[in-house]
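This report refers to the structure that appears directly beneath it.
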Protein chains: 2
Amino acid sequence: MATGRTHRPATRSRGIPEATVARLPLYLRALTALSERSVPTVSSEELAAAAGVNSAKLRKDFSYLGSYGTRGVGYDVEYLVYQISRELGLTQDWPVVIVGIGNLGAALANYGGFASRGFRVAALIDADPALTGKPVAGIPVQHADELEKIIRDNGVSIGVISTPAGAAQQVCDRLVAAGVTSILNFAPTVLTVPDGVDVRKVDLSIELQILAFHEQRKAGEEAVGKGPLPQTAAGRDESADQGPDGDVPAVMPA
Amino acid sequence: MATGRTHRPATRSRGIPEATVARLPLYLRALTALSERSVPTVSSEELAAAAGVNSAKLRKDFSYLGSYGTRGVGYDVEYLVYQISRELGLTQDWPVVIVGIGNLGAALANYGGFASRGFRVAALIDADPALTGKPVAGIPVQHADELEKIIRDNGVSIGVISTPAGAAQQVCDRLVAAGVTSILNFAPTVLTVPDGVDVRKVDLSIELQILAFHEQRKAGEEAVGKGPLPQTAAGRDESADQGPDGDVPAVMPA
DNA sequence: GGTTGTGAAACGATTCACAGCT
DNA sequence: AGCTGTGAATCGTTTCACAACC
């Protein structure tokens, strides 16, 4: 292979590691809380504790964004909030559609965190005619037939799929064909999408299974005889196995 | 992770990498689908495609479990389903409680995938007296005052928190004090737990923010045309940027 | 022939540790 | 004196590529 994987711009660092990107929302949340308490500056140590990571990692993460701190002092809270928001693209408005208004879809529509941070629920879509026109979270559900029109009229580029697994790929295809390029998938299915479309998935039962694995191991260790508990000093440890990413279920629309 | 130093039994490799553990549920789901279609064997290539990962990774993952395949043939579907289930601890029954029966909690209670795979919703708990006794998904909601008793009476070791952020840490503390050692947290808050307790978190708005980051970047590249690669037709490589991990096929309970 | 299982190489992320600035 | 920013070391994960085996 002469060409190889062309991906490094080589010039300047627009290359923020994926692991860092995934933590930026965490920092943003901690910073927003500080901002609301009118805290003016914060050290990497304090902010890291609030976000549940360690301080070296946080400083490294921020170093990819630029030099936004002051040595000997810390970071300006407001300024950092702005910089991270901008980096994440949250200074603009993102209209999203939710397809599949069952239990989960309704829960998502009602979820405050959605609206709070640059995201706006532009439409709720379901295939069940009985739901059409019914307001959920104050937004009337529209019929799936309108999907393409809704996407285009609202300039939607992010779609949330909370349909049953069986419908997910089909819905996904239609979203993509209509112009959606980012999908958050709650249906327990592998979605196949064209190049250039991002999919993130959230699956409740996978998270539970991962927990069960560790739980089982704990039980095993305990039984096999080393101390009932590995004997730990600290009551609170920073790295208490926060999960990487999330998960949630899919629910029947009926 | 959470557990203390004690981790290498020194004997044999009970050290399955965390990344592998996180993928086992994906394989399991793909295998279950194959099993339902009565497919007897499957190659790493086919199974990897169904699970949305690449085959080398899948083989490496399986190699940590042991040698369960047959060279030149592939893997026996039923046998693998059993082995992975066992490894994940799904051959036993895991009673779970859901605390916080709002929109999301109700959606979780109704989620079929919960019951389908070794997990049993032992109780629904909420602090609102108006909900007490009201059935959700056929299970009557119990009042938060009963939490400790419920945990102990049912031998619950896994708890799901779907309360508002403000209540999450307090609920978490009570769950842990009552004996819960694995927590799935849907509240947008960092939970602090003692050593030996696993927490996995699921945060819908974080997922959206990560999508927004990539979305913004796409828009930027498109508009500015700051082409790091003036040529090169395709934008992305092989993987269409799935989420934290691959994706999965459907099991769909009843 | 086909496919697994696995060392070794490549890659990416985390942690260390300290120079450099306030 | 205190804290950031970052090279360098370390650790974990993915990918390669092929020997072992059916």
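Both backbone and side-chain heavy atoms feed into the values below; hydrogens, waters and symmetry mates do not. So you know, we letter chains A, B, ... as the sequences are listed, proteins then strands, and number each from 1. In this text, all values refer to a predicted model and were calculated from it rather than measured experimentally.
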Checklist entry - ring pair (Phe, Tyr, Trp, His ring centres under 6.0 Å) with A:Tyr75: which of A:Tyr27, A:Tyr68, A:Phe62? => result A:Phe62
Next on the checklist: Go through it in stages, so that I can follow the logic: the residues are A:Glu78 and A:Tyr82, the test is side chain to side chain donor-acceptor pair (under 3.5 Å), and I'd like the CA-CA distance, side-chain angles, deciding distance and then a yes or no.
Outcome noted: CA-CA 6 Å; A:Glu78 294 301 328; A:Tyr82 171 71; over 6 Å; no
Which of these nucleotides, [options], is closest to any side-chain atom of [X]?
| X | options | value |
| --- | --- | --- |
| B:Arg59 | D:dC18, D:dT15, D:dT4 | D:dC18 |
| B:Tyr75 | D:dT14, C:dT4, D:dG7 | C:dT4 |
| A:Arg71 | D:dT4, D:dT14, D:dC22 | D:dT4 |
| A:Ser63 | D:dT15, D:dC3, D:dT6 | D:dT6 |
| B:Pro17 | D:dT13, C:dT14, C:dT6 | D:dT13 |
| A:Arg23 | D:dT14, D:dC16, C:dT14 | C:dT14 |

Item to check | Sole candidate of B:Ile183, B:Thr192, B:Leu191 that passes side-chain contact (heavy atoms from CB on, under 4.5 Å) when paired with B:Val176 | outcome: B:Ile183
Is there a side-chain contact between [X] and the phosphate of [N], meaning an N or O under 4.0 Å from OP1 or OP2?
| X | N | answer |
| --- | --- | --- |
| B:Asn54 | D:dT14 | no |
| A:Thr70 | D:dT4 | no |
| A:Ser44 | D:dT4 | yes |

Next on the checklist: A quick test of your reading: do over 12 heavy atoms of other residues, nucleotides or ligands sit less than 6.0 Å from CD of B:Gln169?
Outcome noted: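 For B:Gln169, atom CD is crowded (more than 12 foreign heavy atoms under 6.0 Å).
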Checklist entry - Heavy atoms under 4.0 Å, any strand shown: does B:Phe62 hit a base, just sugar-phosphate, or nothing? => result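 Nothing, no nucleic acid heavy atom in range.
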Checklist entry - Which residue lies toward the 5' end of DNA chain C, A:Ala56 or B:Val73, if each is placed at its nearest nucleotide? => result B:Val73
Checklist entry - Between D:dC3 atom P and A:Glu46 atom CD, what is the distance in whole Å? => result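 Answer to the nearest Å: 8 Å.
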